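One structure is given below, encoded as structure tokens.
Since this is a predicted model, take the numbers as computed values, not measurements. In listed order, ligands and their atoms are each counted from 1.
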Amino acid sequence: MRAVRYLTGEAGIRQFLDIGTGIPTANNTHEVAQAVAPDSRIVYVDNDPVVLLHARALLTSNREGACAYVDADFRDPDEILAEAGRVIDFRRPVALMLLGILQLIPDSDDPFDVVKTLLAALAPGSYLAITHPTGDIDPRSVKAAAVLDTMSVEKRTLRGRADVARFFDGLEMMPPGLVQVSKWRPESQMQAAAPASRWAGIGRKVT
Ligand SMILES: C[S@@+](CC[C@H](N)C(=O)[O-])C[C@H]1O[C@@H](n2cnc3c(N)ncnc32)[C@H](O)[C@@H]1O
């Protein structure tokens with residue numbers, strides 16, 4: 001919510017490419033964006049048919065803006081860009097949202113190169129927003145991730161801060177930089193004190 005509010009408000013972004021949508025809950029990207037700027041356009045991308053079924057049913061745009069749902073894999077950026085291009089004008093700035101997805105892409109699938117390919121297609125003035133679980137902040141998260149791994153097909157890669165920072169190579173980091181998610185522009189003391197074990201940051205593509 002804080003990231004989308006910042007991007008729509010201070011950064012003036014009107015187009016979002018949200019990869020790794022997740023099962024819709026409250027305050028989904030288009031709801032937060034369109035509450036600030038009703039003409040915001042959002043493309044949700046996921047490779048889980050159950051997620052997409054829920055997304056199509058629940059993530060409905062208002063009349064001024066638009067929402068689209070793309071069934072594609074993060075590891076196929078060319079398909080994502082081609083499909084998203086039906087709704088997003090890539091000549092104008094876009095916010096690429098990778099919230100809670102990159103830990104599901106192992107280094108062997110080179111997520112760094114995929115992010116580079118996606119960013120290369122975006123106009124100057126675009127943004128990259130990432131949240132990424134880590135073992136740096138609370139070592140107990142490593143154990144928790146291992147337990148989750150026993151229950152799911154996808155395995156988690158908890159990256160350290162330096163590795164997460166690599167996703168932002170060549171971008172200008174927006175304040176406060178790459179920080180614990182609860183310290184990223186918290187809106188209350190309680191939010192700032194939350195013991196979340198993930199890094200969060202937003203970078204801007206300058207040229
Ligand atoms: C942990 S959820 C994150 C949901 C939401 N972005 C959030 O931050 O709350 C991860 C989502 O990424 C999707 N996902 C995982 N691997 C993917 C891939 N290779 N391509 C596209 N989506 C993927 C999953 O289906 C799931 O919906």
*Has Arg166 got its NZ or CZ under 6.0 Å from the middle of the six-membered ring of Phe112, at an angle within 45 degrees of the ring axis?*
yes
Less than 4.0 Å between a side-chain N and a carboxylate O, is that true for [Y] and [X]?
X: Glu10; Y: Arg185; value: yes
X: Asp109; Y: Arg75; value: yes
X: Lys155; Y: Asp149; value: no

Identify, for [atom], the protein heavy atom at the shortest distance, and state residue, atom and that distance.
atom: atom 2 (S) of ligand 1; result: Gly100 O, 3.9 Å
atom: atom 7 (C) of ligand 1; result: Leu99 O, 3.8 Å
atom: atom 18 (C) of ligand 1; result: Asn47 ND2, 3.3 Å
atom: atom 20 (N) of ligand 1; result: Phe74 N, 2.8 Å

*Parallel, tilted or perpendicular: rings of Trp184 and Tyr6 (30°, 60°)*: perpendicular
Select the closest option to [atom] among [options], judged by heavy-atom distance.
atom: atom 13 (C) of ligand 1; options: Leu104, Asp46, Val114, Thr131; value: Asp46
atom: atom 19 (N) of ligand 1; options: Val50, Leu148, Asp73; value: Asp73
atom: atom 5 (C) of ligand 1; options: Ser152, Ala3, Ala55, Gly20; value: Gly20

List ligand 1 atoms under 4.0 Å from [X], heavy atoms only on the residue side.
X: Gly22; answer: 4 (C), 27 (O)
X: Ala72; answer: 20 (N), 21 (C)
X: Arg75; answer: 19 (N)
X: Asp48; answer: 25 (O)

*asked:* Strictly inside 4.0 angstrom of atom 25 (O) of ligand 1, do you find any protein heavy atom?
replied: yes
*Of all heavy-atom pairs between Phe167 and Val115, which one has the smallest distance, and what is that distance?*
CD2-CG2, 3.7 Å
*Indicate the atoms forming the closest heavy-atom contact of Ile13 with Pro93, along with that distance.*
CD1-CB, 3.7 Å
*Is ligand 1 less than 4.0 angstrom away from at least one heavy atom of Ile105?*
yes
*Between Arg159 and His132: side-chain donor-acceptor atoms closer than 3.5 Å*: yes
*Go through the side-chain N and O atoms of Thr60 and Arg56 and say whether any donor and acceptor fall under 3.5 Å apart.*
no
*Can you find an N or O of Ile101 that's nearer than 3.5 Å to an N or O of ligand 1?*
no
*Counting only heavy atoms, which portion of Glu154 has something under 4.0 Å from ligand 1: side chain, backbone, both, or neither?*
side chain
_Below a 4.0 angstrom heavy-atom separation, can you tell me which part of Val51, side chain or backbone, both or neither, approaches ligand 1?_
side chain
*Side-chain heavy atoms under 4.5 angstrom apart, residues restricted to Ile, Leu, Val, Met, Phe, Trp, Tyr: same cluster for Ile202 and Phe168?*
no
